[in-house]
J.: 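Dropping a structure here in structure tokens format, bear with me for questions.
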Amino acid sequence: MVAAAAVLWGGIGVIINALDQIGFSSLQIVALRAVSATLMLLGYLLVKEPGLLKIEIADIKYFIGTGVLSIAFFNWCYFTAIKQISLSVAVILLYTGPAFVVLMSRIFFGEPFTKSKMAALVLTLLGCAMVVELIPIQVDAVSWYGILAGLGSGFGYALYSIFGKIAQRKYSTLTILFYTFLMASLAIVPFSGLFNAGSIPMLYQEDAILWTLSLGFFPTVLAYLLYTEGLSKIEAGRASITALLEPVAATLLGVLLFNEWLSIVQVAGIVLVVMSVMLIQLQHPFARFISQFKGKLQR
């Protein structure tokens, strides 16, 4: 489920590019994503599961966590980082999220640090850096404001896994998703300019409607549904590392749809990421393999 969510997230670039061509700004696209997902989830729940809309007022804090502190905050930090530093550096800083998840999962859920988990985290970050071609490119001038914003995006990205897992103790995945994107919409829309005089005519274009529906469903409702459901079945740390298949999916999609070429470094990076994800899922067989290998060496 988490890997499928990562693949769906990896395809978001195609949709964002289409909406950008129509004339929407980055923040407006984020607002479109949040609002369209909210409306889709609301429509479904009103018809099929109205009871899932009921929550305790005191629990709104969980959805402020997933919607405002995670979705809204990490998007703002990410776009700020892109403006301040290179896209490649911003992407890698965003993908420090799993490191934050592993640390916070230890604190809040008691999830253990394991050698397999740490090795997978390091190898995955290295592989991602190779996939987005940060390696071997050297960054000459670095904006510390951009670096902090990038780390903020990673931290915000991580908070969804933490607050989402806590909310799952009381609420269904659909309830969590609806209130997450409702809170995100309330936080983003007022600052996005989505409904100003210049952007309203664009909202009625047929292409804009189709791309917005695609954005709201595939890399948003469906992807977060799969990821959140996956969180209920595996550790948050393992889920966040597995989700780093996203840049691999995005790169391979570029090859399939746009005839882009992969460098040797990118191919090596993809192999590293896939191996790391396999390592984190097969940590116990891996540990047994190492133990057996050491035993043979001693004999």
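Scope of the values below: all heavy atoms of this structure, side chains included, with no hydrogens, waters or symmetry mates.
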J.: Looking only at non-hydrogen atoms, find the nearest pair between F195 and I200 and report the distance.
T.: O-CD1, 3.3 Å
J.: Do any N or O atoms from the side chain of Q28 and from the backbone of S25 form a donor-acceptor pair under 3.5 angstrom?
T.: yes
J.: First locate atom NZ of K165, then atom OG of S105, and finally report the distance between them rounded to the nearest 0.5 Å.
T.: 7.5 Å
J.: Are I64 and L177 grouped together when hydrophobic residues (ILVMFWY) are joined by side-chain heavy atoms under 4.5 angstrom apart?
T.: yes
J.: Would you say the side-chain atoms of Q84 pair up with the backbone N or O of A149, donor to acceptor, closer than 3.5 Å?
T.: no
J.: Using side-chain contact (heavy atoms from CB on, under 4.5 Å), reason through S36 and T220 one step at a time and then give a plain yes or no.
T.: CA-CA 9 Å; S36 60; T220 308; 5.9 Å; no
J.: Under the side chain to side chain donor-acceptor pair (under 3.5 Å) rule, collect the residues that match up with Y224, sequence neighbours excluded.
T.: none
J.: For G127 and L272, which heavy atoms make the closest approach, and how far apart are they?
T.: CA-CB, 4.0 Å
J.: Closest heavy-atom contact between A3 and T242?
T.: N-CG2, 4.1 Å
J.: Test your reading of the model: is there a side-chain donor-acceptor pair from R33 to the backbone of P219, 3.5 Å cut-off?
T.: yes
J.: More than 12 heavy atoms of other residues, nucleotides or ligands under 6.0 Å from CZ of F218: yes or no?
T.: no
J.: Is any side-chain heavy atom of F181 closer than 4.5 Å to a side-chain heavy atom of L186?
T.: no
J.: Quick one: do L210 and L194 end up in the same hydrophobic cluster if we chain Ile, Leu, Val, Met, Phe, Trp and Tyr together by side-chain heavy atoms under 4.5 Å apart?
T.: no
J.: Does any non-hydrogen side-chain atom of L53 lie less than 4.5 Å from one of Y179?
T.: yes
J.: Quick check for you: to the nearest 0.5 Å, what is the distance between M1 atom CE and I234 atom CD1?
T.: 10.0 Å
J.: Within a strict 4.5 Å, meaning less than it, do heavy atoms of the L159 and T66 side chains meet?
T.: no
J.: Please say yes or no: joined through hydrophobic side-chain contacts below 4.5 Å, possibly via intermediate residues, are L151 and I71 part of one cluster?
T.: yes
J.: Give the C-alpha distance, both sets of side-chain angles, the deciding distance and a yes or no for side-chain contact (heavy atoms from CB on, under 4.5 Å) between Y227 and W9.
T.: CA-CA 10 Å; Y227 184 79; W9 284 328; 3.6 Å; yes
J.: Hey, does V7 have a side-chain heavy atom less than 4.5 Å from the side chain of L253?
T.: no
J.: Taking the ring centre of each residue, are F100 and F155 less than 6.0 Å apart?
T.: yes
J.: What residues form a side chain to side chain donor-acceptor pair (under 3.5 Å) with S172, not counting sequence neighbours?
T.: T175
J.: Any donor and acceptor pair, going by atom type alone, linking the side chain of T96 with main-chain N or O of A99 inside 3.5 Å?
T.: no
J.: So for atom NZ, which belongs to K83, do other residues, nucleotides or ligands contribute more than 12 heavy atoms lying within a distance under 6.0 Å?
T.: no
J.: For the residue pair A239 and L231, what are the closest heavy atoms and their distance?
T.: CB-CD2, 3.9 Å
J.: To the closest 0.5 Å, what do you measure between CG (L222) and CE (M40)?
T.: 11.0 Å
J.: State, yes or no, whether a side-chain contact exists between V102 and M118 at a heavy-atom distance under 4.5 Å.
T.: yes
J.: Counting only heavy atoms not in I264, do more than 12 sit closer than 6.0 Å to its CD1 atom?
T.: no
J.: Calculate, to the nearest 0.5 Å, the distance between atoms CD and CG belonging to E246 and L8 respectively.
T.: 10.0 Å
J.: Determine yes or no for a side-chain-to-main-chain donor-acceptor pair under 3.5 angstrom, with N75 supplying the side chain and A72 the backbone.
T.: no
J.: Quick one: closest heavy-atom pair of A6 and A243, and the distance?
T.: CB-O, 3.6 Å
J.: First locate atom SG of C77, then atom CZ of F74, and finally report the distance between them rounded to the nearest 0.5 Å.
T.: 10.0 Å
J.: side-chain contact (heavy atoms from CB on, under 4.5 Å) between F109 and I162: does it pass, once the steps are laid out?
T.: CA-CA 9 Å; F109 308 128; I162 303 303; 3.9 Å; yes
J.: Hey, are the side chains of E56 and Y171 touching, using non-hydrogen atoms and a 4.5 Å cut-off?
T.: yes
J.: State the CD1-CD1 distance between I16 and I29, to the nearest 0.5 angstrom.
T.: 6.0 Å
J.: Does one side chain, of T228 or Y160, offer a donor that lies under 3.5 Å from an acceptor on the other?
T.: yes
J.: Are L213 and L46 connected in the hydrophobic side-chain network, where two residues link if heavy atoms are under 4.5 Å apart?
T.: yes
J.: Is it possible for you to say whether V47 and L182 belong to one hydrophobic cluster, with membership spreading through side-chain heavy-atom contacts below 4.5 Å?
T.: no
J.: If you define the side chain from C-beta out and look only at heavy atoms, does anything of L252 sit under 4.5 Å from V248?
T.: yes
J.: Should Y145 and T80 count as side-chain neighbours, where that means a heavy-atom distance under 4.5 Å?
T.: yes
J.: Give the minimum heavy-atom separation between T124 and S276, together with the two atoms involved.
T.: OG1-CB, 2.9 Å
J.: Check this for me: does any side-chain nitrogen of one of E235 and K117 sit under 4.0 Å from a carboxylate oxygen of the other?
T.: yes
J.: Check step by step if side-chain contact (heavy atoms from CB on, under 4.5 Å) holds for L32 and L203.
T.: CA-CA 10 Å; L32 280 173; L203 294 172; 3.7 Å; yes
J.: For the side chain of S192 and the backbone of A31, is there at least one donor-acceptor N/O pair under 3.5 Å apart?
T.: no
J.: Within the distance-only criterion (no hydrogens, no angle test), does the side chain of S240 pair as donor or acceptor with the backbone N or O of A158 below 3.5 angstrom?
T.: no
J.: Please list, chain by chain and in numerical order, all residues satisfying side chain to side chain donor-acceptor pair (under 3.5 Å) with T173, sequence neighbours excluded.
T.: E229
J.: Keeping the roles fixed (side chain from Q266, backbone from V131), state whether a donor-acceptor pair exists under 3.5 Å.
T.: yes
J.: Going by atom types alone, do S185 and T38 pair a side-chain donor with an acceptor below 3.5 Å?
T.: yes
